[in-house]
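A short write-up of the structure that comes next.
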Amino acid sequence: MGYARKVGWVTAGLVIGAGACYCIYRLTRGRKQSKEKMAEGSSGDVDDSGDCSGARYNDWSDDDDESNESKSIVWYPPWARIGTEAGTRARARARARATRARRAVQKRASPNSDDTVLSPQELQKVLCLVEMSEKPYILEAALIALGNNAAYAFNRDIIRDLGGLPIVAKILNTRDPIVKEKALIVLNNLSVNTENQRRLKIYMNQVCDDTITSRLNSSVQLAGLRLLTNMTVTNEYQHMLANSISDFFRLFSAGNEETKLQVLKLLLNLAENPAMTRELLRAQVPSSLGSLFNKKENKEVILKLLVILENVNDNFKWEENESTQIQFGEGSLFFFLKEFQVCADKVLGIESHHDFLVKVKVGKFMAKLTEHMFPKSQE
């Protein structure tokens, strides 16, 4: 009787595994449609379905098919020892399995395909696969499947109701950067839903720490920044990032153009909330921040940075806070703005920028800064 029971459990496991793999294959064949669906999304407030839409920055993340071929990690079984004939064969089989998994993920469905969305039962099988599997290439394929499904508003509720949020969040503890990135992408797409945000807030500190300490400009860091940007679309959870604002400014100064723009989206969400103004002014900023105002810097970077400084300047009542300046330390954003002559020299240096919009934005910012620093009553 015991033997029959064991056989039954093994058979059931094989059936579930096969079903989950088929679900992954079906969905990943339709990644092109999923990408298009994600690209249609907007950002900001909350609509009737509980999803965020509107003015603030809200990023759906996507992964790069072409780069996965070179980045994917091949899992080798313990007995695949290098230098032995059996080990060579085992390693070849492992590489073949990894290649098949990647190709299945990279297949795209035709525009008329109806097999791009998994049913709740199929999603549950994929979640079981994520929870039980330890093989990186299987986890990667399963997480891509979940991320594609999370691009659809109705699936965000289904994945949450199936217990998918803690299952995926647990993957954040992995040391595999590829798998970790895919887990962040899934959580990023799920976080567009307000109820999902409420449940995901307990992971914000971990995501924030991982993002700051990750390799500069890495895919994991960018995925983490996108998730934090989505989590700050509304004001409810922005205070959880207050102690990390200085680190975000550091990433902004040190990162490449893509990292700069992603950090700016996050900081812009914070700057639009008057309650975060003091936290932003208290943040330490690198001395190199002023050097970003130059003709060589990307136009979009300059414009977004000026909008952030302008929002902070507008939200802070300078004339009412003269006595509280002591709470802002040297090297803070407050002193960056307060040292008007230094700031003016940096910003006025790009008035001759070749882009007309940059010139207009610089002029507007300098006029507001002058008005607040030197009110008419003091003239």
Side-chain angles (χ1 to χ4, degrees), residues 41-61 150 153 156-157 160 165 169 184 187-212 222-252 260-285 303-318 320-321 324 327-328 332-334 337 365 368 372:
S42 58
S43 57
D45 301 326
V46 179
D47 60 23
D48 295 336
S49 64
D51 289 333
C52 300
S53 60
R56 291 194 182 180
Y57 283 100
N58 188 333
D59 286 334
W60 280 263
S61 296
R156 296 176 194 132
D157 292 325
R160 180 188 67 241
L165 300 185
L184 286 168
L187 296 178
N188 179 32
N189 289 342
L190 290 171
S191 68
V192 181
N193 181 288
T194 53
E195 176 60 23
N196 288 348
Q197 280 194 356
R198 187 181 69 81
R199 301 195 187 192
L200 289 173
K201 67 180 181 181
I202 62 175
Y203 306 108
M204 280 188 68
N205 289 334
Q206 178 185 354
V207 172
C208 188
D209 292 342
D210 289 348
T211 300
I212 292 169
L222 288 169
L225 287 170
R226 292 186 184 105
L227 175 55
L228 294 174
T229 301
N230 272 353
M231 293 296 294
T232 56
V233 168
T234 58
N235 298 342
E236 282 81 355
Y237 315 115
Q238 292 184 357
H239 65 280
M240 299 180 69
L241 302 182
N243 294 330
S244 302
I245 296 176
S246 298
D247 294 311
F248 292 135
F249 274 110
R250 177 179 57 80
L251 288 183
F252 171 73
K260 279 184 170 68
L261 288 172
Q262 196 58 56
V263 172
L264 285 174
K265 291 178 182 180
L266 172 59
L267 292 175
L268 190 53
N269 283 351
L270 302 182
E272 289 182 350
N273 180 8
M276 293 298 295
T277 300
R278 285 184 176 274
E279 303 298 341
L280 286 162
L281 287 170
R282 192 178 290 115
Q284 293 290 305
V285 297
L303 291 176
K304 281 184 170 58
L305 180 57
L306 285 172
V307 171
I308 291 170
L309 297 179
E310 195 174 352
N311 286 346
V312 172
N313 185 43
D314 290 344
N315 291 332
F316 188 71
K317 306 300 181 184
W318 295 89
E320 299 175 6
N321 290 277
T324 64
Q327 65 183 279
F328 301 107
S332 65
L333 182 62
F334 176 86
L337 293 175
F365 170 70
K368 282 192 174 184
H372 289 158

Worksheet item: Would the number of heavy atoms belonging to other residues, nucleotides or ligands and lying under 6.0 Å from CG of D314 be above 12?
Response: yes
Item to complete: Using the test side-chain contact (heavy atoms from CB on, under 4.5 Å), find all partners of V285 that sit at least two apart in sequence or belong to another chain.
Response: F249, L289, L333, F336
Item to complete: Quick one: list whatever passes side-chain contact (heavy atoms from CB on, under 4.5 Å) with Q284, sequence neighbours left out.
Response: S246, S332
Discussion item. Restricting to salt bridge (charged side-chain N to carboxylate O under 4.0 Å, His left out), what partner residues turn up for E236, sequence neighbours left out?
Written reply: none
Worksheet item: Would you say the side chain of E272 lies within less than 4.5 Å of the side chain of L268, judging by non-hydrogen atoms?
Response: yes
Worksheet item: Between the main-chain N or O of T229 and the side-chain N or O of N269, is there a donor-acceptor pair closer than 3.5 Å?
Response: yes
Discussion item. Could you check whether any side-chain N or O of N196 sits under 3.5 Å from a backbone N or O of L190, counting only pairs where one atom can act as donor and the other as acceptor?
Written reply: yes
Item to complete: From the options N311, V312, N235, N315, select the one residue that forms a side chain to side chain contact (heavy atoms under 4.5 Å, CB included) with P274.
Response: N315
Fill in: Pairing residues for R250 by the side chain to side chain donor-acceptor pair (under 3.5 Å) criterion, not counting sequence neighbours
none
Practice prompt. Hey, can you tell me if F328 and F334 have their rings parallel, tilted or perpendicular (30° and 60° cut-offs)?
Written response: parallel
Worksheet item: Can you name the nearest heavy-atom pair linking Y237 to K201, along with the distance?
Response: CE2-CD, 3.5 Å
Extract all donor-acceptor atom pairs below 3.5 Å that involve side chains of residues 203-212 and protein atoms in other chains or at least two apart in sequence.
from: Q206; atom 1: NE2; to: N173; atom 2: OD1; distance (Å): 2.9
from: D210; atom 1: OD2; to: K180; atom 2: NZ; distance (Å): 3.2
from: T211; atom 1: OG1; to: V207; atom 2: O; distance (Å): 2.7

